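Right, one structure below, let's go through it.
Model, not experiment: these values are computed from the prediction. Each chain gets a letter, A, B and so on, in the order the sequences are listed, and its residues count up from 1.
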Number of protein chains: 2
Amino acid sequence: MKLRQLHFVHEIVKHDLSITAAAEALFTSQPGISKQLRLLEDELGVPLFERSGKHLTRLTPAGEQIVQIVDRVLLDVDNISRVAKDFSDGNRGVLSLATTHTQARYALPPAVTAFKKQYPDVTLNLHQGSPPQIARMAAEGEADFAIATEALHHFDELVMLPCYHWNRALLLRPGHPLASVSNPGLKDLARYPLITYTFGFTGRSQLDQAFKAQGLQPNVVLTAVDADVIKTYVRLGLGVGIIANMAYSAEEDDDLVAIDAGHLFSRSTTHIGFRRNQFLRDFMVRFIETFAPHLKRDLIEQVIEIREPAERRAFVAEHVGEVPAL
Amino acid sequence: MKLRQLHFVHEIVKHDLSITAAAEALFTSQPGISKQLRLLEDELGVPLFERSGKHLTRLTPAGEQIVQIVDRVLLDVDNISRVAKDFSDGNRGVLSLATTHTQARYALPPAVTAFKKQYPDVTLNLHQGSPPQIARMAAEGEADFAIATEALHHFDELVMLPCYHWNRALLLRPGHPLASVSNPGLKDLARYPLITYTFGFTGRSQLDQAFKAQGLQPNVVLTAVDADVIKTYVRLGLGVGIIANMAYSAEEDDDLVAIDAGHLFSRSTTHIGFRRNQFLRDFMVRFIETFAPHLKRDLIEQVIEIREPAERRAFVAEHVGEVPAL
DNA sequence: CGAATTTACGGGGTCCGTAAGTATG
DNA sequence: CATACTTACGGACCCCGTAAATTCG
């Protein structure tokens, strides 16, 4: 059994049982993988894949179990390298963040600036994507951290920690009727065309729930992934914008009126997620501490030990103190 | 990084940092290991061992951490083979038991017989040793199971499950003064020379505690590892024997008088221990069920998941029902 | 018939073991 | 000075990549 063979198995599974795709991903030849797979199966004495003719159709029961262990092994092998790098070159490395537009544009810049100052030799890699993409990237180790407000709980492998709370703001053109209403309610809001985030982004689901809870049908005429696009169309007069309040800047957006909407919608919480069992290099822990100072190293190391997602959530609920607002 | 290199590191550590000893254990040449170790250290960018001249003196801090992960990797690699064998040849394999004389001689034979009948193609390996030796063997994977009454709790890596309770019996020559005392107490016992187990064997510690609790100083004139030796000297008239009651046979020992001593000493519990994180082949789980029918597969698989020894004990205390007497 | 895997084969690299060298206790 | 690790070197084996054959959808 060789580590190389285990990598092959992992990659074949990852690419829907295509040996060719695995070969491309690993920059090697397809016959090489085919042969090594056979050799491994011969050594183990069981086929890992069911075949129909020359195609791999699915994992055998043995394969199912073995692939799980293989993944663990490969993760640990990677962890060995990470630990080594932390000792040999602790201030140098790569930090990969997978996040959404909202975080990248409004929440992360201060933390990134501070982090970069502390670790000038850490290359920062920022991948933008939808929450499900982000979660997948973290779960598969393509990114070290996923940072988003939505949909990160779908991978048991991900440890999720709350970073900060935030509320929403309404964005209006000056002179809009709502601007003269003091403390507008959801019912007022439902009368006007609305512009907000696409479903699945930046707490959109909590927004919908608020309306639904009052039996209201909001008239969302335009959705976008980011607040910049939303602002653009608010400026064009297409409707009332509802954005994360961090996305409003008194200076840059002084041509628009912002009204805090904290009383209308329940606050949202942005989380940071990372793969359980993945060794966090020193600067990675420091990044978390920089971005969310209430998350201490001890807590992170403890929560990583907990196998059950439910227990993890309970532990977090109990031990993470007050989560700050942004 | 190659699996072979990780094996080398593991074995060097296991053999007190002697490369020569590791080479012998792995049936390979010493320069080969030396070179591969250097290559690995170069690849990782950190030395794993501190050296004084040409001698390895100890692990570096990086080495400490990395060796832990290496051990996990090697265990998982072994688990891959085990899972594979379970599928390719589920009824064939090797079951290694490490146990004491008392268990091997009196407790195990029925279970072994039944197991052998069910799995005739499983080679049974029985290693006899002292409780600490037994525990070490299981903890290092030299044996699949450790079965003993004493001193198995010293390895965090070992999962311990209670198999059965047992009590003690007094052994006397006919005509001994104690034979005519009805319900003798510890105080009576303390008056006569005693013959029992060596310290660290077969619940000896509980025996000592019972005397100590009453402020008595037992006069132990002879200790042995096994009941057969104890019986021999009881027959020679050297003293009163105190043995596990399972070691008394009404037929074979009809020249001696046995008195149940369940009221004198607190009962002892024999445990079975196995390495956490080690995949248990199907027939191994079946062996546990054969030896201790109250330990079900589900329970075994659950308890294996628990990382903390303390939590494990709590779980066992709660979920293992009544432990039978032998 | 096309796409994908398996088989075949030659070249290069790696790893091993023996033998000699060197530093330590 | 003995012991243990390191360096040196030649040979064997393994693994890879290219090219051809095969099989399924």
Name the residue closer to the 5' end of DNA chain D, choosing between A/K54 and A/T57 according to the nucleotide with the nearest heavy atom.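 Closer to the 5' end of DNA chain D: A/K54.
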request  = Please figure out whether A/F27 or B/S18 has its closest DNA chain D nucleotide nearer the 5' end.
outcome  =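 Final value for this comparison: B/S18.
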Got a donor-acceptor contact below 3.5 angstrom from the [X] side chain to the [Y] backbone?
X	Y	answer
A/T28	A/A23	no
A/R51	A/F49	yes
A/R281	A/K85	yes

* Asked: If an axis is fit to five pairs at each end of the helix from C/dC1-D/dG25 to C/dG25-D/dC1, what is the angle between the two, to the nearest 10°?
  ->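 So the angle between the two local helix axes works out to 40°.
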task: Have a look at B/T20 and say if it touches a base, only the backbone sugar-phosphate, or nothing, with a 4.0 Å heavy-atom cut-off.
output: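 Sugar-phosphate, backbone atoms only, no base.
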Q.
For a quick check of understanding: with a heavy-atom distance under 4.0 Å over all strands, which category does A/Q36 fall into, base, sugar-phosphate or nothing?
A.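 Contact class for A/Q36: sugar-phosphate only.
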Over how many whole Å does the gap from [X] atom [atom1] to [N] atom [atom2] extend?
X	N	atom1	atom2	answer
B/Q5	C/dT14	CD	P	12 Å
B/L39	C/dT14	CG	P	10 Å
A/Q30	C/dA3	CD	C1'	11 Å
B/I19	C/dC16	CD1	C1'	16 Å
A/K2	C/dC15	NZ	C1'	12 Å
A/D42	C/dT7	CG	P	10 Å
B/E24	C/dG17	CD	P	13 Å
B/L26	C/dC16	CG	C1'	14 Å

Provide the closest heavy-atom pair for B/A135 versus B/L158 in the form atom of the first, atom of the second, distance.
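In this case the closest contact between B/A135 and B/L158 is O-CD1, 3.7 Å.
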Practice prompt. Evaluate the ring planes of B/F287 and B/F145, with Trp represented by its six-membered ring, and classify them as parallel (under 30°), tilted (30 to 60°) or perpendicular (over 60°).
Written response: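 Correct class here is parallel.
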| said: Less than 4.5 Å apart, side chain to side chain, heavy atoms only: is that true for A/E289 and A/R286? | reply: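 The answer is yes, as the side chains (C-beta and beyond) meet within the 4.5 Å cut-off.
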Side-chain heavy-atom pair A/D144, A/Q278 within 4.5 angstrom cut-off: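 Side-chain contact under 4.5 Å: yes.
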Quiz item: Does B/D156 come within less than 4.0 Å of B/R312, counting only side-chain N to carboxylate O?
Solution: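 No.
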Check your understanding: Taking NZ, NE, NH1 and NH2 as the nitrogens, is one of them in B/E157 or B/R275 under 4.0 Å from a carboxylate oxygen of the other?
Key ->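 Salt bridge between B/E157 and B/R275, a charged N being under 4.0 Å from a carboxylate O: no.
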Quiz prompt | C/dC16 phosphate, OP1 or OP2, under 4.0 Å from B/R4 side-chain N/O | solution =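 Answer is yes, contact under 4.0 Å.
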Should B/S52 be listed as having a side-chain N or O under 4.0 Å from OP1 or OP2 of C/dG25?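 So the side chain of B/S52 is within the cut-off, an N or O lying under 4.0 Å from OP1 or OP2 of C/dG25.
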Can you give the first and last nucleotides of DNA chain D, 5' to 3', that have an atom under 4.0 Å from a heavy atom of chain A?
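The footprint of chain A covers D/dC15 to D/dG25.
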